[in-house]
Each structure stands twice: as structure tokens, then as C-alpha cells.
Number of protein chains: 2
Amino acid sequence: MASNPANNNIPDIVIGRLPVYLRALNRLTQEGEEVTSSHELGRRLGISSAQIRKDLSHFGGFGKQGTGYQIAYLEEKLRQVLQVDREWKVALIGAGDLGNAIGNYRGFTDRGFHIACIFDADEEKIGATVGGLTVQPMAEIESTIRERGIQVAMIAVPAEHAQAVTETLVDAGIKAILNYAPINLDVSKRDDVHVQYIDPVLHLQRMTYYLKG
Amino acid sequence: MASNPANNNIPDIVIGRLPVYLRALNRLTQEGEEVTSSHELGRRLGISSAQIRKDLSHFGGFGKQGTGYQIAYLEEKLRQVLQVDREWKVALIGAGDLGNAIGNYRGFTDRGFHIACIFDADEEKIGATVGGLTVQPMAEIESTIRERGIQVAMIAVPAEHAQAVTETLVDAGIKAILNYAPINLDVSKRDDVHVQYIDPVLHLQRMTYYLKG
DNA sequence: ATGGGTCTGTGCTTGATTGCACAAATGGGA
DNA sequence: TCCCATTTGTGCAATCAAGCACAGACCCAT
């Protein structure tokens with residue numbers, strides 16, 4: 001009973017590894033593999049095989065003793081667990097250089113996400129086209145998000161506007177925010193809103209600690 | 001003695017939080033503050049104050065009882081610890097959409113990093129200008145990196161070429177890699193090479209797990 | 001049909017990380 | 001001057017995460 005698949009007390013750190021496993025499985029599929037093992041996955045990812053088995057066992061037994069895991073089946077199951085077996089509409093806020101890059105990035109579509117609308121505060125940018133979408137004014141954020149039932153957003157505005165944008169988004173019903181602005185967002189008022197961060201400098205600074213001179 | 005500042009057995013997870021603290025301190029400075037406390041920082045970052053105090057205490061006593069931390073002083077000390085009190089030259093590999101966005105991003109310079117050169121395999125892109133730099137051919141990676149003493153690189157090439165690029169970089173003497181390609185890199189042959197990843201989809205997938213329908 | 005090699009799922013141990021709680025230090029106001 | 005409110009740095013306890021190691025299951029070759 002320790003690994004009841006319906007158990008919803010799964011550590012967040014485990015959830016965080018599942019997308020990594022999924023990415024590695026995509027890769028194996030592209031390489032033409034059909035079966036893999038916790039040992040092979042672990043070697044590729046630099047993670048112990050025991051950890052991979054234990055992580056996966058939280059959601060049920062997806063493998064077969066003596067054989068390993070059917071890649072296609074495991075991918076399907078992980079997509080179900082992560083709820084990326086569907087396509088999520090995403091709102092993009094900010095149509096500057098960064099917003100343009102995100103809007104034109106081709107890597108979202110086949111992994112469960114579709115940029116559905118884009119907003120900017122600058123009147124000169126409104127009406128322009130980014131990744132096939134027309135830039136809308138900020139005033140339309142709430143109505144658009146509500147009408148289209150969007151739950152996921154990405155913030156690509158300057159740091160000083162990110163908190164205000166966050167509050168607009170949360171009020172509009174957004175439940176998951178990926179923040180590209182180099183600033184911490186306060187969503188402590190809402191315990192059902194999730195925030196993740198993209199800040200390349202954080203990662204670089206983390207590595208320079210270990211470098212010599 | 002438990003918190004000997006010269007101790008180099010500091011957990012990686014602690015190092016990973018220091019850039020977050022530094023970013024929050026930058027922000028406080030911009031807001032005109034001069035002094036802060038572990039409690040205030042913790043509230044802003046959603047971290048317990050005890051953890052912040054303990055993390056900082058690994059490197060010495062930077063605060064004053066009853067008062068808190070002088071922001072400018074703590075920023076300086078954290079920059080020293082992370083070695084971002086200097087400017088690191090960074091090689092950028094890949095001059096496609098993503099490489100262009102990175103090359104034009106203004107957020108690196110004032111946080112310790114300077115893109116010093118950019119490379120691409122596509123002959124049509126060679127000689128073009130990205131962020132004020134001329135795109136060089138891949139064949140020049142090793143000589144350029146060696147001559148200029150570059151230790152940090154960012155990979156912005158398609159996933160299928162990322163591993164080969166990694167090996168070229170490591171052979172050229174690169175010690176820290178920030179990988180934007182959605183694939184895991186194998187650097188297990190070299191234990192002095194650090195890798196960090198930027199993959200927005202990973203963060204999105206991690207959040208959708210918690211969303212309803 | 002059977003034996004040997006392989007691999008999963010998991011109980012238990014070990015190790016790492018976080019949080020509590022308090023002594024000591026500080027500064028400002030009465 | 002002295003007291004009170006505040007805040008740091010840290011020993012200790014509690015919680016959380018990772019890894020070992022093995023029973024049971026599976027496949028394949030003979």
C-alpha cells in the first residue's frame with residue numbers, strides 16, 4: 001500500500017524529475033529504441049537507477065521485471081501523470097525581444113503547450129504579429145483569459161512590471177506562471193497559483209562559484 | 001567552528017540559493033533600501049528566515065544582531081563568494097533564433113557575464129552580426145576559447161548537435177556550460193565541468209501536474 | 001521444461017536538509 | 001543609564017530524500 005497510485009502526497013521534488021524523464025524518453029524514441037531500463041536512464045541522466053524506479057513506482061508499476069520499461073508506454077503514462085497528454089493554451093505577456101523569441105520558439109507545441117495570445121503595454125507593438133499572433137493591449141488580458149479558459153501564462157516583461165502583471169493574471173484566473181523576468185514574484189495570497197522561474201544568470205552564477213580564478 | 005568560512009564542503013543546494021538572495025538584494029537596493037533582515041528576505045522569497053541565516057552563516061557573519069544586514073555589504077560579499085565580482089567572458093554557440101535572442105539580451109552584463117564570441121555551423125550565418133559580435137565558424141571554437149581564456153559557454157543549437165558541441169567545448173577548456181537545448185548532456189568523463197539547463201517546457205510540465213482539468 | 005541472467009518494486013538504512021528555539025548582541029527611547 | 005524590542009548565529013531535533021540490497025518476476029536459450 002505504500003505506493004498507492006492514487007496517493008496525492010507525492011513530493012514536489014519527484015514531480016520535478018518526471019519532465020526530465022519524459023524528455024529522455026522522447027530522445028530514446030527518436031533514437032529508435034523501444035525498451036529501456038532504470039539503469040540506462042540513470043546512466044544517461046546522472047541519477048541512480050534506484051531513484052528512477054522509486055519515483056516511477058509512486059504512480060504504479062510501469063515496468064516489467066527482467067525486461068525494463070516499454071518506452072512508448074512509459075511516455076504515455078508520464079504524460080498522463082503530468083497532464084501533458086493534452087494541449088494547454090498559454091498566454092504570453094510581453095512582446096519585446098524576449099517575448100518575440102518565446103513567441104517564435106517552436107519547441108512548445110509538441111510538448112503540450114500552445115501560445116494562444118500575446119499582450120504588450122506599448123501601443124507601438126499592439127497589432128504587430130509575433131509567431132503568427134496579433135499583439136493585444138494589456139487591457140484585454142482579463143477578458144481574453146477568461147473567455148478562452150486559459151490557466152497558464154508566461155511573463156516576459158521588464159522586472160519592474162512583473163509583479164503588477166502577475167496580479168492581473170491571477171485575478172484573471174491564471175493558475176500557473178512561468179516568469180522570465182529576473183525578479184521574485186509574490187503570489188502568497190493565493191495558494192493555488194504556481195510559479196516557476198527562468199533566469200539564466202542564476203544558473204551561470206551558480207556555476208562560477210566552483211570555477212578557479 | 002562549525003561555520004568555518006573557509007570550509008569548502010558547502011552543500012550545492014545552498015550555493016544554488018545564493019544567486020536568488022543576490023537578485024533579491026539588487027531589487028531592495030533599487031527600491032532604495034539600505035538595510036534588511038533575514039525575516040524580510042524570507043518573506044519576499046517564500047523561504048524561512050532560519051534557512052537564510054544558516055545559508056549565509058556558511059560564509060561568515062555578515063549581519064548584525066538587532067539590526068540585520070547592510071544590503072550593499074551583503075551584496076558585495078555574496079558577489080565575492082559566487083565570484084561574480086568580476087566579469088566572465090562567455091562563448092555562445094548557435095546563432096539561430098534562440099542564439100540571437102540570447103546574444104541581444106541585455107541582462108547579462110550587469111550581473112557578471114559578457115558574451116565574448118558567437119559561433120554557428122551554418123555558412124550563411126557566418127559573418128552576420130548578433131548583439132554587436134560577428135558570427136564565427138565552428139572550426140574556430142577551440143582556438144578562440146583557448147586564446148581568450150574563456151571558461152563559460154552557452155549552447156543554443158538544436159538538440160541533436162548539443163552533445164557534439166559539448167565535447168568540442170570541453171576539449172577546448174570550457175568548465176561551465178549553460179545548455180538551452182532540450183536534451184541531457186553527458187559530461188561524466190570530466191568531473192570538473194559543470195552543466196546547468198534552461199528548458200522552459202520542463203517548468204511548465206512541472207506545474208500542469210497540479211492543475212485541474 | 002528448466003536454469004541462468006536480468007531487472008523491477010520496495011523495506012530499511014543512511015544521509016542530507018530544514019526548522020525550532022534560544023543565548024548573545026545591538027540600538028533606541030525613556 | 002537602563003530596559004525593551006529586535007535580530008543574528010547556531011545546537012539540536014525533526015523531517016525529508018537518496019541509496020542499498022534483495023525477493024520475486026520475467027525472458028531466453030538450451
Side-chain angles (χ1 to χ4, degrees), chain A residues 1-18 20-21 24-25 28 33-75 77-78 81 206, chain B residues 1-18 20-21 24-25 28 33-75 77-78 81 206:
Chain A
M1 284 304 131
S3 67
N4 177 358
N7 191 327
N8 62 355
N9 293 113
I10 294 160
D12 184 59
I13 196 164
V14 172
I15 303 304
R17 282 191 293 262
L18 299 185
V20 178
Y21 299 162
L25 293 168
L28 284 164
E33 303 293 325
E34 295 191 352
V35 175
T36 188
S37 67
S38 61
H39 191 76
E40 179 178 17
L41 273 175
R43 195 169 32 71
R44 288 192 174 230
L45 298 176
I47 289 178
S48 83
S49 60
Q51 180 164 81
I52 290 173
R53 291 198 299 280
K54 189 165 285 187
D55 284 353
L56 296 179
S57 77
H58 281 104
F59 308 97
F62 300 143
K64 193 176 275 186
Q65 284 147 323
T67 308
Y69 300 91
Q70 293 293 324
I71 294 173
Y73 177 73
L74 184 53
E75 277 189 271
K77 287 297 176 186
L78 285 182
V81 168
R206 182 177 188 157
Chain B
M1 283 306 127
S3 66
N4 178 356
N7 190 326
N8 63 353
N9 294 111
I10 294 160
D12 184 59
I13 195 165
V14 173
I15 304 303
R17 282 191 292 262
L18 299 185
V20 178
Y21 300 162
L25 292 168
L28 284 164
E33 302 293 324
E34 295 191 353
V35 175
T36 189
S37 67
S38 62
H39 190 76
E40 179 178 17
L41 273 175
R43 194 169 32 72
R44 288 193 174 227
L45 298 176
I47 290 178
S48 83
S49 61
Q51 181 165 81
I52 290 173
R53 291 197 300 278
K54 189 164 285 187
D55 284 352
L56 296 178
S57 76
H58 280 104
F59 308 96
F62 300 144
K64 192 174 278 185
Q65 285 149 322
T67 308
Y69 300 91
Q70 293 293 323
I71 293 173
Y73 177 73
L74 184 53
E75 276 189 272
K77 287 297 177 186
L78 285 182
V81 167
R206 181 177 190 157

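Here is how names work: the chains are called A, B, and so on, in the same order as the sequence lines, proteins then strands, and each is numbered from 1.
Residues in residues 40-52 of chain B take part in these salt bridge (charged side-chain N to carboxylate O under 4.0 Å, His left out) pairs, two or more places apart or across chains: B:E31-B:R44, B:E40-B:R44. Applying the salt bridge (charged side-chain N to carboxylate O under 4.0 Å, His left out) test to pairs two or more places apart or on separate chains, those with a residue in residues 46-74 of chain B are B:R17-B:D55.
When all heavy atoms are compared, the tightest approach of B:P11 to B:H58 is CD-NE2, 4.3 Å. Considering all non-hydrogen atoms of both residues, A:I52 and A:S38 come closest at CD1-O, 3.8 Å.
A straight line from CD1 of B:I13 to P of D:dA17 spans 10 Å, rounded to a whole angstrom. When the P atom of C:dG19 is taken as reference, atom NE2 of B:H39 falls 14 Å away, rounded to whole Å. Per the geometry, CZ belonging to B:R43 stands 15 Å off C1' belonging to D:dT6, to the nearest Å. Protein atom CG of B:D12 is 16 Å distant from nucleotide atom C1' of C:dG15, rounded to whole Å. The separation between B:N9 atom CG and C:dT17 atom P is 12 Å, rounded to whole Å. The distance from atom CD1 of A:I47 to atom P of D:dA17 is 15 Å, rounded to the nearest whole Å. Separating the CG atom of A:L41 from the P atom of C:dT8 is a distance of 9 Å, rounded to the nearest angstrom. The distance from atom CZ of B:F62 to atom P of C:dT26 is 17 Å, rounded to the nearest whole Å.
Regarding contacts with the backbone of D:dT8, a side-chain N or O of B:S38 is found under 4.0 angstrom from either OP1 or OP2.
For the atom pair CD1 (A:I13) and CD (A:Q51), the distance works out to 7.5 Å, reported to the nearest 0.5 Å. A:L41 CG to A:T36 OG1: the interatomic distance, rounded to the nearest 0.5 Å, is 4.0 Å.
The stretch residues 66-73 of chain A comes close to DNA chain D through A:G66, A:T67, each having a heavy atom under 4.0 Å from the strand. Scanning residues 48-56 of chain A for heavy-atom distances under 4.0 Å to DNA chain D yields A:S48, A:A50, A:Q51, A:R53, A:K54.
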Handout entry: CA sep, side-chain torsions, deciding dist, call: B:F59, B:L18, side chain to side chain contact (heavy atoms under 4.5 Å, CB included)
Key = CA-CA 11 Å; B:F59 308 96; B:L18 299 185; 3.7 Å; yes
Practice task
Kindly indicate, with the supporting measurements, whether the criterion side chain to side chain contact (heavy atoms under 4.5 Å, CB included) is fulfilled by B:L74 and B:Y21.
Solution key: CA-CA 10 Å; B:L74 184 53; B:Y21 300 162; over 6 Å; no
Practice task
Show your working on side chain to side chain contact (heavy atoms under 4.5 Å, CB included) between A:L78 and A:L56 and close with a plain yes or no.
Solution key: CA-CA 9 Å; A:L78 285 182; A:L56 296 179; 4.0 Å; yes
Exercise for the section: Decide side chain to side chain contact (heavy atoms under 4.5 Å, CB included) for B:S57 and B:F62; before the verdict, give the C-alpha distance in whole Å, the side-chain angles of both, and the deciding distance to 0.1 Å. Expected result: CA-CA 7 Å; B:S57 76; B:F62 300 144; over 6 Å; no
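One axis for each end of the helix from C:dA1-D:dT30 to C:dA30-D:dT1, each built from five base pairs, and the angle between them comes to 10° at 10° resolution.
Proximity note for A:K64 (side chain, C-beta onward) versus D:dC26, D:dT10, C:dT8: the nearest is D:dC26.
For B:Q65 and D:dT7, a side-chain-to-base donor-acceptor distance below 3.5 Å is absent, hydrogens and geometry of angles not being considered.
For A:Q70, the side-chain contact (heavy atoms from CB on, under 4.5 Å) test picks out A:V35, A:Y73, with sequence neighbours left out.
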